[in-house]
Amino acid sequence: MRLKVNQSKTEETRRSEATEFGVADLRVEYRLNPLGIGVRFPRFSWKLYGTGRGIRQAGYRLQVSEGDPHFRSPIWDSGGVDSDRSVHVGYEGEALKSRQVYYCRVRARDIKGRESDWQNASFETGILDFREWIAQWITFDPVRRNLPAEALPLFRKAFEAKSPIRSARIYATALGVYELELNGRRLKDQLFAPGWTSYHHRLQTQTYDVTEQIRLGGNAIGITVADGWYKGRIGGHPRDFYGDRRAALLELHLVYEDGSEQSVATDGTWRAETGPIVMASLYDGETYDARLEKDGWSLPEYDDRNWLPVDTMNRGKQMLIPQENVPTVIVRELKPERVLRSPTGETILDFGQNLTGWVSYSVTGEAGTLVELTHAEELDAFGNLYVDNLRSAKQKTSYICRGTGNERYETRFSFQGFRYVKVSGYPGDLLPESFTAHVVSSDLEETGTFECSDPLVNRLQSNIVWGQRGNFLDVPTDCPQRDERLGYTGDAQVFVRTAAHNMNVAVFFAKWLRDLKADQLPNGGVPHTIPDTLPGWEMHSASGWGDAAVICPWTIYSCYGDSRVLEEQYDSMKAWVEFLRESGEQEFLRNEGFQYGDWLALDAPAGSYAGATPKDLIATAFYAYSVSLLAKSARALGKEGDVALYEELFANVRDSFNREFVTPTGRLASPTQTAHVLALRFGLVEGPIRKQVEKSFIRLLEESDFKLTTGFLGTPYICPTLSDIGRSDLAYRLALSRRFPSWLYSVEQGATTIWEHWDGRKEDGSFWSADMNSFNHYSFGAIGEWFYRYVAGIDTDEAAPGFKHIRIKPLPSPSLTYAKATYQSMYGEIVSGWRLENGEMNMEVAIPPNTTATLVLPNALQDRVTEKGIRLGEAEGVRIVALHENRMTLDLESGTYQFRYQWRTC
């Protein structure tokens with residue numbers, strides 16, 4: 001239907017009303033004005049704003065123009081559409097072309113008939129079809145210069161710009177990780193490009209706008225390529241996991257003012273040499289010999305006659321895809337908080353925060369002076385640098401001075417996980433202001449906050465965010481410091497919901513899930529790590545790990561309302577479930593294959609990392625959970641035949657679980673916390689048996705003196721499960737405990753990120769173990785979900801995902817005097833905060849425009865509740881839905897609210 005416009009309004013009136021209602025934050029595939037996207041039919045999202053309550057969209061008009069910001073001849077016009085949809089609105093014109101700039105704009109009409117002004121944005125496509133690439137792969141072997149193979153090659157090409165240009169774009173990628181220079185200037189748009197993908201199937205290409213850097217006349221491009229994930233040491237492999245030759249692929253396209261075009265592409269005419277970086281390893285660090293610098297090597301006037309011609313590679317390009325993920329960038333910079341002198345005489349910088357990145361510094365020394373930095377997360381009980389938990393990773397950077405005065409060094413192709421840095425060989429006085437830690441992470445928008453009256457919990461929330469920041473580096477890694485740093489599926493799935501609250505991870509996980517699908521085994525099994533670093537290994541598809549194939553897509557759909565993720569991953573999700581059906585001795589039980597079990601649970605038998613909960617119980621529970629989520633996904637996609645099929649399969653698995661693991665008297669056969677949590681959380685027990693399991697669960701906690709015994713698979717669900725069965729008092733008791741084992745134990749021990757082990761560091765200062773003891777490992781940080789969804793109470797509705805309809809059901813406790821969470825949804829900011837003062841509850845709630853919410857006020861009586869001093873029956877935007885003995889349910893329109901009532905203890 002056409003958008004209805006009130007033509008009788010004057011322009012002045014329309015502008016006045018637009019200040020009360022408008023459109024903002026127009027995005028294309030989640031991004032603001034993206035460069036180099038890889039979809040031919042993008043989706044658009046925008047937010048509404050305005051004064052007052054109940055702002056809802058009644059219609060919109062969306063236009064797309066090719067190259068024309070004035071929209072004189074749009075290539076697509078939605079026309080007026082009567083719809084409240086403002087998220088993931090699909091482009092329906094002809095398929096977009098490669099290397100084109102597009103402009104888009106949207107205007108909206110609300111339910112009061114007000115019209116917004118146009119909101120404009122732009123986007124640009126990359127090279128969408130690999131057959132359009134004209135460049136050749138180029139490579140260079142340092143052995144040709146009688147240098148070690150680890151030495152990094154430099155590639156260069158000089159060219160002429162014959163007249164003033166309108167635009168210039170570079171499209172590039174590499175086998176390895178690369179960095180570009182243009183006319184002597186490094187392009188720092190993103191780090192560790194092209195990122196880590198399943199290189200055998202997918203290799204991202206990047207787009208750079210270099211219009212401002214191109215000169216009239218002579219120009220030059222430089223490329224440096226390092227091993228990275230492609231050729232370097234990774235996942236226990238010595239080297240050359242994906243390939244044995246670093247290579248670069250690049251083409252520059254110039255568009256002149258007269259409309260003519262020129263291209264410069266990698267081919268056999270490029271020249272190559274080695275530079276000052278003689279070694280760069282993700283695990284071991286970087287060695288930079290400043291005496292080998294080639295001054296001005298990426299300038300057009302540089303004399304490269306002594307450089308050698310490159311080699312070209314006859315390698316296909318069918319795996320090339322435009323950039324999918326957000327770039328990796330520097331997100332913070334920190335200065336040392338103190339300089340320490342260890343008992344063994346080491347000089348150590350303490351940056352006060354465990355982080356992922358590197359350290360830059362200034363130094364003045366004679367030529368040949370060697371300065372070394374060794375990075376570590378902890379000091380031992382005596383105050384010496386502790387590096388045993390790094391295993392074989394050296395985490396060391398070495399700089400050899402050139403002897404030219406004040407020199408500056410910054411790592412470029414390696415990252416470390418550290419808080420402490422040992423400095424060796426530094427000449428002269430070591431001044432802390434000469435050193436800077438650069439925090440590196442995927443460029444993820446931070447969308448959530450949580451705070452409360454307990455400062456230790458606030459520190460815990462900070463630790464969770466820092467753990468995510470340090471481990472979300474192009475893929476969701478397990479840790480950033482030792483010789484691992486892999487995309488473990490189990491860690492990712494237990495943390496994904498917390499991650500989605502803290503940051504906008506929709507694009508990040510969509511890219512990673514495409515790699516999961518690419519690396520999935522022909523029989524539907526899922527490797528332990530994505531990208532797969534263990535191809536052909538018989539041990540794969542562990543329960544709670546492989547289930548990431550289903551849990552992660554469903555979570556992203558729930559949090560962002562993104563049905564495309566489900567559509568893209570549905571075949572992968574289904575293949576995983578069918579693998580589970582076929583992989584056991586019995587169709588409805590899973591009792592075969594390698595299993596991690598409840599990894600690192602404290603009830604593990606001596607000498608084992610797996611907890612005491614039987615692995616086949618865990619495997620069958622996760623089998624049922626994945627089937628239930630697949631059935632929900634099928635319903636969301638309208639696949640009704642699969643809905644019936646997998647709902648029946650879930651019922652059969654649940655029945656088999658009960659026959660196998662529940663005794664005739666209604667007890668779980670395994671008396672562990674994790675067994676009970678999984679049975680309750682995944683809906684595997686019902687009726688009287690469920691009540692019996694709930695009682696047994698509480699009894700287990702009492703018998704353990706309310707100490708956790710759970711590992712990676714049980715811990716994320718324990719507090720949510722307690723809250724769901726009406727025992728939030730016990731959830732608070734566990735969450736706020738300072739005793740070992742607990743979340744706050746590590747905080748009191750000085751943790752600034754999440755530990756891999758509950759007792760990573762013991763009270764006497766000793767360590768749990770040297771072989772597997774990361775101090776930046778976000779899995780146990782999944783408690784963050786409970787703080788957001790239960791303590792503050794912000795949740796989405798499965799029937800209207802992506803927070804189109806919001807559920808707010810806080811669960812206050814006298815253990816805290818206040819708690820507050822915010823979440824920047826696709827529609828705008830959601831706020832839920834409560835404060836208990838003198839027996840009175842004060843609640844702050846904000847619902848963004850174009851959404852609605854259901855609010856449950858705990859311990860509230862109708863005649864004692866006011867909203868900004870007004871009785872509920874008279875408050876605008878508030879409708880009483882239900883009254884219960886100890887709570888009240890309200891429906892809310894968009895807007896901000898302040899509720900107040902006497903807190904009635906149940």
Side-chain angles (χ1 to χ4, degrees), residues 29-30 39 43 87-88 197-198 201-202 324-326 444 472 475-476 487-501 503-521 524-532 541-580 622-639 642-643 645-647 649-650 682 716 782 785 795-804 826:
E29 294 295 333
Y30 293 96
V39 292
R43 299 166 301 168
V87 169
H88 307 310
T197 49
S198 173
H201 307 97
R202 295 156 34 80
E324 293 178 344
N325 205 357
V326 297
L444 299 171
F472 277 33
V475 302
Y488 272 98
T489 49
D491 303 62
Q493 70 85 5
V494 300
F495 189 70
V496 61
R497 186 61 186 254
T498 298
H501 282 288
M503 303 176 188
N504 187 331
V505 295
V507 170
F508 180 87
F509 268 100
K511 171 261 184 185
W512 184 74
L513 286 167
R514 291 178 188 124
D515 287 313
L516 186 153
K517 185 176 182 178
D519 279 342
Q520 196 163 8
L521 305 179
V526 174
H528 299 321
T529 64
I530 300 297
D532 183 12
S541 303
S543 294
W545 274 252
D547 296 282
V550 175
I551 295 170
C552 291
W554 174 255
T555 302
I556 297 302
Y557 167 73
S558 298
C559 292
Y560 301 99
D562 192 341
S563 59
R564 182 179 287 180
V565 170
L566 288 187
E567 292 165 358
E568 287 185 354
Q569 297 300 131
Y570 188 77
D571 289 344
S572 168
M573 299 164 75
K574 190 172 180 178
W576 168 250
V577 166
E578 291 302 325
F579 167 81
L580 296 177
F622 271 94
Y623 177 12
Y625 186 45
S626 279
V627 173
S628 70
L629 295 184
L630 181 60
K632 290 180 179 181
S633 300
R635 175 170 284 109
L637 296 176
K639 299 178 181 291
D642 280 0
V643 173
L645 174 67
Y646 291 112
E647 285 182 344
L649 178 57
F650 172 76
F682 295 166
E785 177 184 351
D795 204 355
T796 188
D797 186 340
E798 284 186 8
F803 297 90
K804 176 64 172 172
M826 296 289 288

On the 0 to 90° scale, with breaks at 30° and 60°, tag the Y557-W554 ring pair as parallel, tilted or perpendicular. tilted

Distance in Å, I551 CD1 paired with S558 OG, rounded so as to fall on 0.5 Å steps: 11.5 Å

Could R497 and D795 be called an ion pair, given the rule that one side-chain N must be under 4.0 Å from one carboxylate O? yes

Are any of the side-chain heavy atoms of V565 and F509 separated by less than 4.5 Å? no

Determine the minimum heavy-atom distance between S541 and G525, stating which atoms define it. OG-CA, 3.1 Å

Side-chain touch D642/L645, heavy atoms, less than 4.5 angstrom: yes

If only atom types and distance count, is the side chain of D519 paired as donor or acceptor with the main-chain N or O of D532 below 3.5 Å? yes

Of all heavy-atom pairs linking D547 and S626, the shortest is OD1-OG, 2.6 Å

What's the shortest heavy-atom distance between K511 and V475, and which atoms? NZ-CG1, 3.6 Å

Out of curiosity, H88 NE2 to E29 CD, how far, rounded to the nearest 0.5 Å? 8.5 Å

Between CG of L630 and CD of E647, what distance do you get to the nearest 0.5 Å? 10.5 Å

Counting N and O atoms only, with roles assigned by atom type, does the side chain of E578 sit under 3.5 Å from a partner on the main chain of G524, one being a donor and the other an acceptor? no

Identify the heavy atoms of Y570 and A634 that sit nearest to each other, and give their distance. OH-CB, 3.5 Å

Could you list the donor-acceptor pairs under 3.5 angstrom formed between side-chain atoms of residues 489-496 and any protein atom two or more places apart in sequence or on another chain?
residue, atom, partner, partner atom, Å
T489, OG1, H528, O, 3.0
T489, OG1, W545, O, 3.1
D491, OD2, H777, NE2, 3.2
D491, OD2, S779, OG, 3.0
Q493, NE2, G544, O, 2.9

Any heavy-atom pair between the side chains of W512 and E324 that's under 4.5 Å? no

Using 0.5 Å steps for rounding, measure from the CG atom of L521 to the CH2 atom of W576. 9.5 Å

When you look at R514 and H201, which way does the side chain to side chain contact (heavy atoms under 4.5 Å, CB included) test go after all the steps? CA-CA 10 Å; R514 291 178 188 124; H201 307 97; over 6 Å; no

How about N504 and Y560: do any of their side-chain heavy atoms sit closer than 4.5 Å? yes

Carboxylate-amine/guanidinium proximity below 4.0 Å for K517 and E568: no

So, taking the atom named CG in L649 and the one named OH in Y623, what distance separates them when rounded to the nearest 0.5 Å? 4.5 Å

Would you check if L566 and K639 make a side-chain contact, meaning some heavy-atom pair closer than 4.5 Å? no

Could you walk me through whether F579 and Q520 pass side chain to side chain contact (heavy atoms under 4.5 Å, CB included), step by step? CA-CA 11 Å; F579 167 81; Q520 196 163 8; over 6 Å; no

Counting C-beta onward and ignoring hydrogens, is there a side-chain heavy-atom pair between Y488 and T529 closer than 4.5 Å? yes

What pair of heavy atoms forms the shortest contact from T498 to A782, and how long is it? OG1-O, 3.1 Å

Check for a donor-acceptor pair, side chain of S198 on one end and backbone N or O of P531 on the other, with a separation under 3.5 Å. no

Nearest heavy-atom approach of A549 to M573 is O-CG, 3.2 Å

Partners of F508 by ring-ring contact (aromatic ring centres under 6.0 Å, His included), sequence neighbours excluded? F472

Does the side chain of V507 reach to within under 4.5 Å of the side chain of L444, using non-hydrogen atoms? no

Taking atom CD of E567 and atom CG of L637, what is their separation to the nearest 0.5 Å? 5.5 Å

Set out, in order, the CA-CA distance, both residues' side-chain angles and the distance that settles side chain to side chain contact (heavy atoms under 4.5 Å, CB included) for K804 and V87, then state yes or no. CA-CA 9 Å; K804 176 64 172 172; V87 169; over 6 Å; no

CA sep, side-chain torsions, deciding dist, call: V505, I556, side chain to side chain contact (heavy atoms under 4.5 Å, CB included): CA-CA 8 Å; V505 295; I556 297 302; 4.2 Å; yes

Are K632 and Y646 packed together at the side-chain level, in the sense that at least one heavy-atom pair is separated by less than 4.5 angstrom? no

